[in-house]
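The next block holds one structure in the form of structure tokens; read it before the comments.
Side chains are part of it too, since the values below use all heavy atoms of this structure and drop only hydrogens, waters and symmetry mates. Chain A is the first sequence line, chain B the second, and so forth, proteins listed ahead of strands; every chain is numbered from 1. Given the structure is predicted, the values throughout are model-derived calculations rather than measurements.
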Amino acid sequence: MIDEMQTRDSLKMYNRLVERCFSNCVDTFRRKNLDKDEEKCVSKCTEKFLKHSARASLRFNELNAEAAGMPAPPQ
Amino acid sequence: MSEVDRAKALKMAEVEMEYRVDLFTRLSSVCFDKCIDHKYKDGDLNVGENSCVDRCSSKYWQVVGIVGQLLGANQQQPPR
């Protein structure tokens, strides 16, 4: 059950991330292959997103812990 | 194949199918926004729109590959 939900969530996240980075990085359609800059942009977009969500979840957990009346664990 | 295995395989196929449908929906909506003239002068795709959609789909597919690779490198379970 949990396993299936996790697979589902990560596939959803994958699709959303592809859509976001494609929208932000690819704007010209003169060729059918990505050019170097587009490729680089997509890679950086993905890496940045992953780092962003790691940091956001860290902060989110701290806030949650605070709200529950527990001191946030030192990071 | 046992009853349990069969149910599991079916569930996985279902999840996979959902992923494909979601992927197509996104590809199609992004490429529509990027390629189709929103003045809608004509009900047909013109030559430029046709080839734009072809290239857009092809590029989108490549982005799926790149992002998938990076996600796979980052987590142990690479979604494909």
Ion pair present between B:Lys34 and A:Asp27, side-chain N to carboxylate O less than 4.0 angstrom?
yes

Check B:Cys56 against B:Cys31 for me: are their SG atoms closer than 2.5 Å?
yes

SG atoms of A:Cys21 and A:Cys45 less than 2.5 angstrom apart
yes

Measure the shortest side-chain to side-chain distance between A:Asn24 and A:Val42 over non-hydrogen atoms and say whether it is less than 4.5 angstrom.
no

Is there a side-chain contact between B:Glu49 and B:Asp37 (heavy atoms, below 4.5 Å)?
yes

Tell me, for [X] versus chain A, whether the close heavy atoms (under 4.5 Å) come from the side chain, the backbone, both or neither.
X: B:Gln62; answer: both
X: B:Val30; answer: side chain
X: B:Asp54; answer: neither
X: B:Ser29; answer: side chain
X: B:Ile66; answer: side chain

At a heavy-atom distance under 4.5 Å, which candidate from B:Lys8, B:Lys11, B:Glu14 has the highest pair count against chain A?
B:Lys11

